Student: 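Sending over a structure as structure tokens; questions will come in a sec.
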Amino acid sequence: MADVGVVGPSSLVGGEILEVLAERAFPTSTLRFFGSMHTAGGWVERAGKEVRIDLARADSFNDLDVVFFAAGPTVAGEFAPAAAEAGATVVDCSSRFRLDPDVPLVVPEVNPEMVPHPRVPGILASPSATAVGLAVVLGPLAAAAGLVRVVVSTYQGAAGGGRRLVHRFGRDTVALLNAQGEGRSAGSLAFDCLPRVGTVEPGGATTHELHVVEETRKVLGEPELALSITAVRVPTFFGYGASIHLDTARPLTAAEATEVLRTARGVIVHDEAADLFPTPAGVAGSDATHVGRVRDDPGAPNGLALWIALDSVRKGGAVNAVQIAEIAIRER
Ligand SMILES: NC(=O)c1ccc[n+]([C@@H]2O[C@H](COP(=O)([O-])OP(=O)(O)OC[C@H]3O[C@@H](n4cnc5c(N)ncnc54)[C@H](OP(=O)(O)O)[C@@H]3O)[C@@H](O)[C@H]2O)c1
């Protein structure tokens, strides 16, 4: 049994971590919550009991075995090292440590061996939802036929931007439907697609796109992989989709790729014959990465094209984080 802490229980991912811990019967003896000045002193309902949210501080984590951080990179940078120093295994969902060469970046279906056994204090990072979905699908394809080049376009719902973006998207949508206000506000997602996730860096790519490329390479253990991505925010609440075009090193037909993915861990391949395609909204609440539209791409040598969809808050965040912690405590 483990003494567990969650930093950011009011965040989308933090709230889902609480659900996932219960669903997967994570062996928890005590559970403590840590929030900001806004939520500290409040209460979270847990298995019929109210649990208090304490203010997150550097000395909050003594006597905890596992601490989940779901409160963004600034909070992780401030408190995660202190939690690890105090003896906890930290699983951080933010971008803060993902590309730190000393921190394992883990997608349990792909590189579980990166989690040290038995549990040792330290920080483990969970990738962005986009990199999680890409790694789960690209890992088995890379093992089957090698990857030469991958080109991705994402369709990311509001939830990927956190609770505040979900609220703003809902508010703006209702306002436009009711013909309220002066019209569309700048940068609003309501009834629109925004081809910029994160800030634009010199060269034109966004921070998010640059990070997803490096995170995916790190998880796959392919630091030189030619991977290009355009990330687009779309007007859906939950879920995310991605169109993937790839060239394999060795020939792999669509039928063969489908078979590889059917047996891959954490993947559900949808039945094209029945006209069933996974959609971001349709896979909300699922813990799998869903695949559809696997097809040969005649536009490239050894070309393949496919579509994936997953719930960014669940497998893209909370589920992946809890799976990492399960591996960490398994041999205790
Ligand atoms: N959303 C996704 O789909 C997704 C997927 C994978 C990874 N992630 C990552 O997971 C993290 C959480 O994302 P989210 O979208 O769930 O966030 P969110 O809904 O935007 O919530 C942000 C949270 O940060 C907390 N926070 C801010 N300052 C704090 C402090 N000083 N101490 C403790 N908590 C503090 C807030 O808590 P208070 O309410 O107490 O202020 C709030 O709960 C981010 O790093 C994000 O990149 C998100």
Side-chain angles (χ1 to χ4, degrees), residues 5-20 32-44 52-61 67-80 82-83 90-99 105-107 123-136 154-170 197-198 207-208 211-212 215 219 231 233-234 236-242 280 283-287 289 309-324:
V6 178
V7 181
S10 59
S11 70
L12 288 180
V13 171
E16 208 62 34
I17 286 174
L18 305 190
E19 299 287 326
V20 175
R32 297 193 53 200
F33 301 139
F34 304 98
S36 71
M37 304 267 271
H38 299 120
T39 49
W43 301 83
V44 174
R52 205 166 76 99
I53 303 177
D54 294 321
L55 184 66
R57 297 166 11 158
D59 61 359
S60 296
F61 311 105
V67 182
F68 295 97
F69 276 77
T74 308
V75 176
E78 194 174 353
F79 298 124
V90 170
V91 183
D92 179 32
C93 297
S94 83
S95 59
R96 177 62 182 80
F97 298 101
R98 287 175 187 156
L99 299 179
L105 182 66
V106 184
V107 175
I123 301 173
L124 303 166
S126 185
S128 64
T130 311
V132 169
L134 290 178
V136 167
T154 71
Y155 302 68
Q156 308 181 202
R163 197 176 286 284
R164 228 185 260 168
L165 183 59
V166 171
H167 286 161
R168 181 181 174 194
F169 169 51
V197 180
T207 41
H208 175 73
H211 285 179
V212 168
E215 290 172 24
V219 174
R233 191 79 74 196
V234 297
T236 59
F237 281 96
F238 286 89
Y240 118 105
V283 303
S286 168
D287 294 351
T289 299
L310 80 159
D311 185 328
S312 65
V313 178
R314 282 196 66 97
K315 179 53 191 165
V319 171
N320 200 69
V322 174
Q323 285 176 310
I324 293 172

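Nothing fancy with the numbering, it's 1 onward along the sequence. Keep in mind that what you see is a predicted model, and the values were worked out from it rather than measured. Ligands are counted one by one from 1 in listed order, and the atoms in each one are counted from 1 as well.
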Student: Hey, which atoms in ligand 1 end up nearer than 4.0 Å to a heavy atom of R163?
Tutor: 18 (P), 19 (O), 20 (O)
Student: Counting only N and O atoms by type, is there a donor-acceptor contact under 3.5 Å from the side chain of R98 to the main-chain atoms of S126?
Tutor: yes
Student: Can you check which of H208, H167, M37, R98 brings a heavy atom nearest to atom 47 (O) of ligand 1?
Tutor: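 Looking at heavy atoms only, R98 sits closest to atom 47 (O) of ligand 1.
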Student: Please identify which atoms of ligand 1 are closer than 4.0 Å to at least one heavy atom of S94.
Tutor: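 The atoms of ligand 1 under 4.0 Å from a heavy atom of S94 are 45 (O).
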Student: Give the residue, atom name and distance (to 0.1 Å) of the protein heavy atom nearest atom 37 (O) of ligand 1.
Tutor: S10 OG, 3.4 Å
Student: When you measure from the side chain of S11 to the backbone of A70, do you find a donor-acceptor pair of N or O atoms at a distance under 3.5 Å?
Tutor: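 Such a contact is found between S11 side chain and A70 backbone.
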Student: Could you check whether any heavy atom of G160 sits closer than 4.0 Å to an atom of ligand 1, since that is the contact criterion I want to use?
Tutor: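 Yes, that is the case, since the closest heavy atom of the residue is under 4.0 Å from the ligand.
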Student: How far does CZ of R32 sit from CD1 of I53, to the nearest 0.5 angstrom?
Tutor: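 Going from CZ on R32 over to CD1 on I53, the span is 12.5 Å.
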Student: Does any N or O in the side chain of T39 come within less than 3.5 Å of the main-chain N or O of G42, such that one atom is a donor and the other an acceptor?
Tutor: no
Student: Determine, stepwise, if the pair R52 / D54 fulfils side-chain contact (heavy atoms from CB on, under 4.5 Å).
Tutor: CA-CA 6 Å; R52 205 166 76 99; D54 294 321; 2.7 Å; yes
Student: Using a strict cut-off of 4.0 Å, indicate which atoms of ligand 1 neighbour a heavy atom of G316.
Tutor: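 Result: 5 (C), 6 (C).
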Student: Should you measure from each heavy atom of H38, which atoms of ligand 1 turn up under 4.0 Å away?
Tutor: 41 (O)
Student: Any donor-acceptor pair under 3.5 Å linking the side chain of E215 with the backbone of L99?
Tutor: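 A pair under 3.5 Å: no.
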Student: Atom 21 (O) of ligand 1: which protein heavy atom is closest, and how many Å away?
Tutor: S11 CB, 3.1 Å
Student: What protein heavy atom lies closest to atom 46 (C) of ligand 1? Include the residue and the distance to one decimal.
Tutor: C93 O, 4.3 Å
Student: For atom 26 (N) of ligand 1, what's the nearest protein heavy-atom neighbour? Residue, atom name and distance, please.
Tutor: A71 CB, 3.7 Å
Student: Only heavy atoms of G162, strictly under 4.0 Å: list the atoms of ligand 1 that pass.
Tutor: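 Numbered from 1, ligand 1 contributes 15 (O), 18 (P), 19 (O), 20 (O).
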Student: State, to 0.1 Å, how close I324 and A125 come at their nearest heavy-atom pair, and which atoms those are.
Tutor: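 Smallest interatomic distance, heavy atoms only, reads CD1-O, 3.8 Å.
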Student: Here's a test for you: under side chain to side chain contact (heavy atoms under 4.5 Å, CB included), which of F97, F68, F79 qualifies with D92?
Tutor: F97
Student: Starting from atom 12 (C) of ligand 1, what is the nearest protein heavy atom, named by residue and atom, and what distance separates them?
Tutor: A70 O, 3.5 Å
Student: Any idea which protein heavy atom is nearest atom 48 (C) of ligand 1, and the distance to it?
Tutor: V13 CG2, 3.4 Å
Student: What distance separates Y240 OH from S312 OG, expressed to the nearest 0.5 Å?
Tutor: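 Between Y240 OH and S312 OG, I get 9.0 Å after rounding to 0.5 Å.
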Student: Could you list which atoms of ligand 1 come closer than 4.0 Å to a heavy atom of S312?
Tutor: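 Going through ligand 1 atom by atom, the ones under 4.0 Å from S312 are 3 (O), 5 (C).
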Student: State the atoms of ligand 1, each with its element, that fall below the 4.0 Å cut-off from a heavy-atom position in L12.
Tutor: 16 (O), 19 (O)
Student: Using a 4.0 Å heavy-atom threshold (strictly under), name the region of A159 that reaches ligand 1: side chain, backbone, both or neither.
Tutor: backbone
Student: What protein heavy atom is closest to atom 38 (P) of ligand 1, reported as residue, atom name and distance in Å?
Tutor: S36 OG, 3.2 Å
Student: For F69 and V91, run side-chain contact (heavy atoms from CB on, under 4.5 Å): C-alpha distance rounded to whole Å, both residues' side-chain angles, the deciding distance at 0.1 Å, then the answer.
Tutor: CA-CA 6 Å; F69 276 77; V91 183; over 6 Å; no
Student: Taking S94 for the side chain and R96 for the main chain, is one N or O donor matched with an acceptor at less than 3.5 Å?
Tutor: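 Yes; at least one donor-acceptor contact below 3.5 Å.
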Student: To the nearest 0.5 Å, what is the distance between CG on D287 and CZ on R314?
Tutor: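 D287 CG to R314 CZ: 4.0 Å, rounded to 0.5 Å.
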Student: Provide the number and element of each atom of ligand 1 under 4.0 Å from a heavy atom of G317.
Tutor: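 Answer, ordered by atom number: 6 (C).
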Student: Can an N or O of T39 be found at a distance shorter than 3.5 Å from an N or O of ligand 1?
Tutor: yes
Student: Using heavy-atom distances only, which candidate in V7, V75, V6 approaches atom 29 (C) of ligand 1 most closely?
Tutor: V75
